[in-house]
Amino acid sequence: MSGKKIAILATGGTIAGTSPVPGDNLGYTAAQLRVEDLLASVPALASLPLVSEQVAQVDSKDMTFEIWRKLAQRCSHWLAQPEIAGVVLTHGTDTLEETAFFLQSVLAPAKPVVLTCAMRPATALVPDGPQNLLDAVSVAATPGAHGVVAVCAGTIHGARDVRKQHTYRLDAFGSGDAGPIGYVEEGRLRLLRSWPEISGDSEAALRKFMQARRWPRVEIVMNHAGAGGAIVQALVGQGVDGLVVAGSGNGSVHRDLEAALCAARDSGVMVVRATRCAQGEVLARPGDVLPHSAGLSPVKARIALMLSLLD
Ligand code: ASP
């Protein structure tokens with residue numbers, strides 16, 4: 001460690017989950033332990049210069065824009081302190097990739113912001129949270145690390161590529177074709193590729209976001225056999241601002257759903273085409289009638305569209 005401090009910000013999740021039945025990995029309640037409890041579960045952290053803050057206490061399936069606003073503000077606050085080397089954020093696994101992508105979009109920080117999590121609650125026979133937290137602190141304390149990344153099961157993923165890809169395994173995250181940024185092995189990093197980009201104008205992006213009085217409403221619809229336009233028409237009727245379609249394969253969309261999406265676009269709703277495939281990105285084809293998501297998954301394309309609609 002450089003002697004600088006790491007700020008640990010907690011938001012809940014399974015890493016802070018407990019069950020009344022020791023060893024029960026399913027029947028637990030997320031977001032029960034506080035940040036002090038998480039730190040106390042890792043003896044190796046006791047001698048390190050840390051500061052901590054409980055920013056939220058939720059199961060991340062219930063993540064809200066208000067929590068994102070507070071998180072962006074608290075990350076920005078800590079990152080601005082000269083004595084802080086980086087930030088570690090404990091988070092549930094369910095929407096971790098969305099929070100990571102959101103924070104990278106509005107902060108693109110020159111210091112590391114490391115999200116970490118657990119697939120098993122703290123009361124598991126062998127909980128994975130303590131090791132993940134220790135690994136995340138190692139990454140946040142690494143000189144030269146920057147941008148928003150996720151650390152789980154000894155692997156470092158970039159915010160743009162990280163995706164929860166398994167419902168149960170401890171190694172639940174992947175980075176698709178891009179591959180991980182690297183690995184954490186006994187506190188040392190083995191890097192495979194570069195850290196996420198640092199933005200030149202992240203302050204402007206953050207200010208625009210913090211000042212927004214209302215988040216644009218962007219919904220995700222999925223293509224599937226027999227898909228039609230009724231859901232799109234209902235959403236347009238409710239005044240939706242943007243739509244992401246999770247197309248099949250290379251972003252293909254059933255003709256009836258596509259007709260409804262084109263009508264929505266013609267009425268002023270922004271429409272973006274992603275893919276429901278877990279890997280790969282939508283490649284442009286001649287004659288495409290709807291723009292593609294530039295490699296973003298549906299949930300991340302939704303965040304990108306919301307942020308662009310703030311303009
Ligand atoms: N539902 C939990 C959450 O996202 C799952 C987890 O953390 O693994 O908070």
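Atoms within a ligand are numbered from 1 in the order they appear, just like the ligands themselves. The basis for the numbers below is simple: all heavy atoms, side chains too, and nothing from hydrogens, waters or symmetry mates. From a predicted model like this one, the values you see are computed outputs, not experimental measurements. Counting from 1, the numbers follow the sequence of the chain as shown.
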**Prompt:** Purely on distance, is any nitrogen or oxygen of D59 under 3.5 Å from one on ligand 1?
**Reply:** yes

**Prompt:** By number and element, which atoms of ligand 1 are closer than 4.0 Å to a non-hydrogen atom of T14?
**Reply:** 2 (C), 5 (C), 6 (C), 7 (O), 8 (O), 9 (O)

**Fill in**
Of all protein heavy atoms, the one nearest atom 9 (O) of ligand 1 is S60 N, 2.7 Å

**Message:** Looking only at protein heavy atoms, which one is nearest to atom 8 (O) of ligand 1, and what is the separation?
**Reply:** T93 OG1, 2.5 Å

**ligand 1 contacted by A118 (non-hydrogen, < 4.0 Å)** = yes

**Prompt:** Can you tell if the side chain of L134 reaches within under 4.5 Å of the side chain of Q131, non-hydrogen atoms only?
**Reply:** yes

**D161 side chain near F101 side chain, heavy-atom distance below 4.5 Å** = no

**Prompt:** When the ring planes of H157 and F173 are compared, do they come out parallel, tilted or perpendicular, using 30° and 60° as the limits?
**Reply:**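 Geometry flag for F173 against H157: tilted rings.
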
**Geometric class of the F209/F102 ring pair [parallel <30°, tilted 30-60°, perpendicular >60°]** = perpendicular

**Asked** Does a side chain donor of either S60 or D94 reach within less than 3.5 Å of an acceptor in the other side chain?
**Response** no

